[in-house]
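Working notes for the structure below.
It should be emphasised that the depicted structure is a prediction, and the values quoted were computed from it without experimental measurement. Per chain, numbering begins at 1; letters A, B, ... match sequence-line order.
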Amino acid sequence: AQKVTQAQTEISVVEKEDVTLDCVYETRDTTYYLFWYKQPPSGELVFLIRRNSFDEQNEISGRYSWNFQKSTSSFNFTITASQVVDSAVYFCALSGTGANSKLTFGKGITLSVRP
Amino acid sequence: GAVVSQHPSWVICKSGTSVKIECRSLDFQATTMFWYRQFPKQSLMLMATSNEGSKATYEQGVEKDKFLINHASLTLSTLTVTSAHPEDSSFYICSARDRGDSTYEQYFGPGTRLTVT
């Protein structure tokens, strides 16, 4: 069975602070995908990143960066110089790679960025 | 590319009535679509997986007769909440897989907010 744990439930920071959102996963699959999604108050899920289990390189996209550590089964997400528009719920998710694979979501982290 | 729409975006219905939610892949063909349910301040929970032309596969605990899913074409899946009750009020999100995408990634619709009074 697959499991995604986002231990942090709510995080509040002041604008321009850096913030890291933690994600730990469990799976028996040797090949899998990891995702991060953003859900603003409107409700629509916004895709942020997909990472294949074979690719352990960290990734940076603007103010966003992701740290994939297979040894600790973690896929953490850092926002540098946070902005008010970053306020949202962030979900980490895991899926297998087959045609019948399903997405397993973590419980989500509510990030509030105060001006 | 890979746009998924949902209609309606929000709906209010009276207890006991049925409501249909549509999920469409606008620029790709989707052999597989998924329906999720999200209660306030909670995560997305998979309700069912629908494959075009076949019966949907429901997750444990989801009532098949209450949540009717039809996936009649490669671009459309519908979820009908039958005899809705206030406890069915929730945010329903669909996703679709592009049949030509070997990564099997899911593309999400904007969601439908259902309120049953």
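Heavy atoms of Leu46(B) lying under 4.5 Å from chain A belong exclusively to its side chain. For Ser101(A), the parts lying under 4.5 angstrom from a heavy atom of chain B are both the backbone and the side chain. Neither the backbone nor the side chain of Thr104(A) has a heavy atom closer than 4.5 Å to any heavy atom of chain B. The contact between Phe47(A) and chain B is made entirely by side chain atoms (from C-beta outward), counting heavy-atom distances below 4.5 Å. Only the side chain of Phe34(B) comes within less than 4.5 Å of a heavy atom in chain A; its backbone stays farther off.
Without hydrogens or angle criteria, Thr82(B) side chain to Asp65(B) main chain gives a donor-acceptor distance under 3.5 Å. Using modelled atom types, one side-chain atom of His71(B) and one backbone atom of Ala30(B) make a donor-acceptor pair closer than 3.5 Å. With hydrogens and angles disregarded, a donor-acceptor distance shorter than 3.5 Å links the side chain of Ser54(B) to the backbone of Asn51(B). Of the possible polar contacts, one joining the Gln38(B) side chain to the Gln42(B) backbone as a donor-acceptor pair under 3.5 Å is found.
Cluster annotation: Tyr92(B) is not connected to Phe108(B) through the hydrophobic network of ILVMFWY side chains, with a link wherever side-chain heavy atoms come within less than 4.5 Å.
Taking the ring centroids of Tyr58(B) and Phe67(B), they lie at or beyond the 6.0 Å cut-off.
Under the 4.0 Å criterion applied to side-chain N and carboxylate O atoms, Glu52(B) and Arg99(B) are not assigned as salt-bridge partners.
In this pair, Tyr36(B) and Phe105(A) present their aromatic rings perpendicular. The plane angle is above 60°, beyond the 30 to 60° band.
Listed by sequence position, Tyr33(A), Phe35(A), Tyr37(A), Gln39(A) are the residues of residues 14-39 of chain A in contact with chain B, using a 4.5 angstrom heavy-atom cutoff. At a heavy-atom cut-off of under 4.5 Å, chain B is reached by no residue from residues 58-67 of chain A.
Here the shortest heavy-atom pairing between Gln6(A) and Lys107(A) reads OE1-N, 3.6 Å.
Contact annotation: the side chain of Val19(B) never approaches that of Thr80(B) to less than 4.5 Å [non-hydrogen atoms, C-beta and beyond]. Put simply, the side chain of Val4(B) does not reach to within 4.5 Å of the side chain of Ser95(B), judged on heavy atoms. Between Lys66(B) and Asp88(B) there is a side-chain heavy-atom pair separated by less than 4.5 Å.
Crowding of His85(B) atom NE2: a count of heavy atoms from other residues, nucleotides or ligands under 6.0 Å exceeding 12.
Ranking Arg113(B), Gln6(B), Lys41(B), Gln106(B) against chain A, the residue ahead of the rest is Gln106(B), based on heavy-atom pairs under 4.5 Å. Between chain B and the residues Thr97(A), Thr9(A), Asn52(A), the largest count of heavy-atom pairs under 4.5 Å involves Thr97(A).
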